[in-house]
Protein chains: 2
Amino acid sequence: MDNEDVLRRSQAACDALSADDDGLKREVLTHAGNRWSLGVVHTLGVAGKLRHAEIGRRMHGVTQRMLTRTLRQLERDGLVVRHDHHEVPPRVEYELSEIGMGLLVQMIPLWTWVIENAEGFRNARQSYDLQVNALTEE
Amino acid sequence: MDNEDVLRRSQAACDALSADDDGLKREVLTHAGNRWSLGVVHTLGVAGKLRHAEIGRRMHGVTQRMLTRTLRQLERDGLVVRHDHHEVPPRVEYELSEIGMGLLVQMIPLWTWVIENAEGFRNARQSYDLQVNALTEE
DNA sequence: CAGTATCCTTGCGGATACTG
DNA sequence: CAGTATCCGCAAGGATACTG
C-alpha cells in the first residue's frame, strides 16, 4: 500500500464516517476506546464462553458495576452475546459474536502498532509537558 | 491469518496493553476515539500542512474551542506537529507527524470494517432496544 | 451469582463572549 | 487569526452498599 493509496482509502473511509447521520459508527468506535471494552472483547475472544464473575476475575481492577455496564454496551453494539440460563442461583454466560470476533481481528494491527510506538508517545508527551512547564513558569 | 493466529496475536497485544502501567497506550487509543481526533488526523493526512482556521473550515460542525483542544491533545500525543511562525497577525500551521501518519494507516482497516458492518450494528441495536422496551413495559 | 441503587468526581462536548 | 475565559449539560468511571 503506497502513500497515495493510503490517502485515497482514508478519504473514502472518512467520507463514510462523516456522512454518518446517526453517529452510529463513530459511537461504536468510541465504545471501543472505553476503559474496559477492549479487555472484555479480548478475554472473551481467547476464552470463549465465560460467566460474569469469571470475566471479572480475569480482568484486573474492574468493578462489578463497570463490567456490567461494559457488557451491556457491547451487547447493544452486537459484539457480545448474552446467554441467561434462568437458573437459581443465576448463571449467565457471555461470548463474542461473529461481528465481535471481527472487531477483535481488526483491532490487532492497531494495538500492535500502538504498542510498538509506545516509546514515541512517551517521548512526545515528555517534551510537550516540559515545554508547557517552561512557558507557564516564565 | 487463521483463527489460532488471531488469538495468539491478540493475546500478545492485550498482555502488552494490560502491562501498561501508566495507561499511556490506552490513553492514546481513547483519544483516537474522541469526537474530532480522527477527522483532524484524516484532514491533515490528506491536505498536508494547514492553518487552524483552514482545518475548521474543512470539518463541519467543530467549534474553535474543540478544535484547539483536539489539536493540543494530538500534539501532546505526538501525532501532530505545531508550527508557530510567530507573526502578527498570528500564523500557526499544523501537520501530521511521522507517527501520526502511522496511526492514519493503521486506522484505515478498522474504519473500513466498521463502515462495512454498520448494518450489523444497526440491527443489533434495534433488536436490543426492542427487548429492553418489552421488558420494562411488562 | 449477577446484578441494582446511590453518590461522587472527572472530563468531554458545546455555546458564547472576549483578546493579543 | 488563533486562540482564552466562563458557563453549562451530560456521560464515563469509580466506591460502596444492597438484593432476588
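From a predicted model like this one, the values you see are computed outputs, not experimental measurements.
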Answer yes or no: is there a side-chain heavy-atom contact under 4.5 Å between B/Leu38 and B/Met107? yes
Tell me the interatomic distance from B/Leu50, atom CG, to D/dA2, atom C1', rounded to whole angstroms. 15 Å
Quickly work out the A/Leu67 CG to D/dG13 C1' distance and round it to whole Å. 13 Å
Return no unless some side-chain N or O of A/Arg72 is found under 4.0 Å from OP1 or OP2 of D/dA12. no
Between C/dG14 and B/Arg65, counting only base atoms on the nucleotide and side-chain atoms on the residue, is there a donor-acceptor pair under 3.5 Å? yes
Nearest of C/dC1, D/dG14, C/dG3 to any side-chain atom of A/Arg57? C/dC1
Applying a 3.5 Å limit to both distances, which nucleotide forms a Watson-Crick or G-U wobble pair with D/dG13? C/dC8
In whole Å, I'd like the distance from the CD atom of A/Glu75 to the C1' atom of C/dG3. 13 Å
Please determine, for C/dG20, whether a Watson-Crick or G-U wobble partner exists with both distances under 3.5 Å, and give it or none. D/dC1
Per atom distances to the A/Met66 side chain, the nearest of C/dG20, C/dA15, D/dG14 is D/dG14
Taking only Lys NZ, Arg NE, NH1 and NH2, and the carboxylate oxygens of Asp or Glu, determine whether A/Glu116 and B/Lys25 approach each other closer than 4.0 Å. no
Here the distance between atom P of D/dA12 and atom CG of A/Leu74, to the nearest Å, is 12 Å
So does A/Arg35 get a side-chain nitrogen or oxygen closer than 4.0 Å to the phosphate oxygens (OP1/OP2) of D/dA11? no
Nearest listed nucleotide, side chain of A/His52, among C/dA2, C/dG14, C/dC1: C/dA2
Euclidean distance, atom NE2 of residue B/His86 to atom P of D/dA2 [Å, nearest integer]: 14 Å
Touch class at under 4.0 angstrom, heavy-atom based, for B/Gln73 against every strand present: sugar-phosphate
Can you see whether A/Tyr128 engages B/Arg76 through a side-chain donor-acceptor pair at a distance of less than 3.5 angstrom? no
Cluster link B/Met101 to B/Leu74, ILVMFWY, side chain under 4.5 Å: yes
Determine the contact category for A/Glu87: base if any of its heavy atoms lies under 4.0 Å from a base atom, sugar-phosphate if only primed atoms, P, OP1 or OP2 are that close, otherwise nothing. nothing
Thinking salt bridges, do B/Arg57 and B/Glu54 make one under a 4.0 Å N-O criterion? yes
Rounding to an integer number of Å, can you tell me how far B/Leu71 CG sits from D/dT4 P? 11 Å
Could you check whether B/Arg69 gets within reach of a base, just the sugar-phosphate, or nothing at all, counting any heavy atom under 4.0 Å? base
Compare side-chain N and O positions of A/Tyr94 against OP1 and OP2 of C/dG3 and report whether any pair is under 4.0 Å apart. yes
What nucleotide among D/dC1, C/dG14, D/dG3 has an atom nearest to a side-chain atom of B/Trp36? C/dG14
Would you say that B/Glu27 contacts A/Arg125 through its side chain, given a criterion of any heavy-atom pair below 4.5 Å between the two side chains? yes
Rounded to whole angstrom units, what separation is found between the NE2 atom of B/His31 and the C1' atom of D/dA12? 14 Å
Rounded distance in Å - CD (B/Gln64) to C1' (C/dC18): 11 Å
Shortest side-chain distance from B/Pro90, nucleotide among D/dC1, C/dG14, D/dG14: D/dC1
With the side chain defined as heavy atoms from C-beta on, B/Asn34 is closest, among C/dG13, D/dC1, C/dC1, to C/dG13
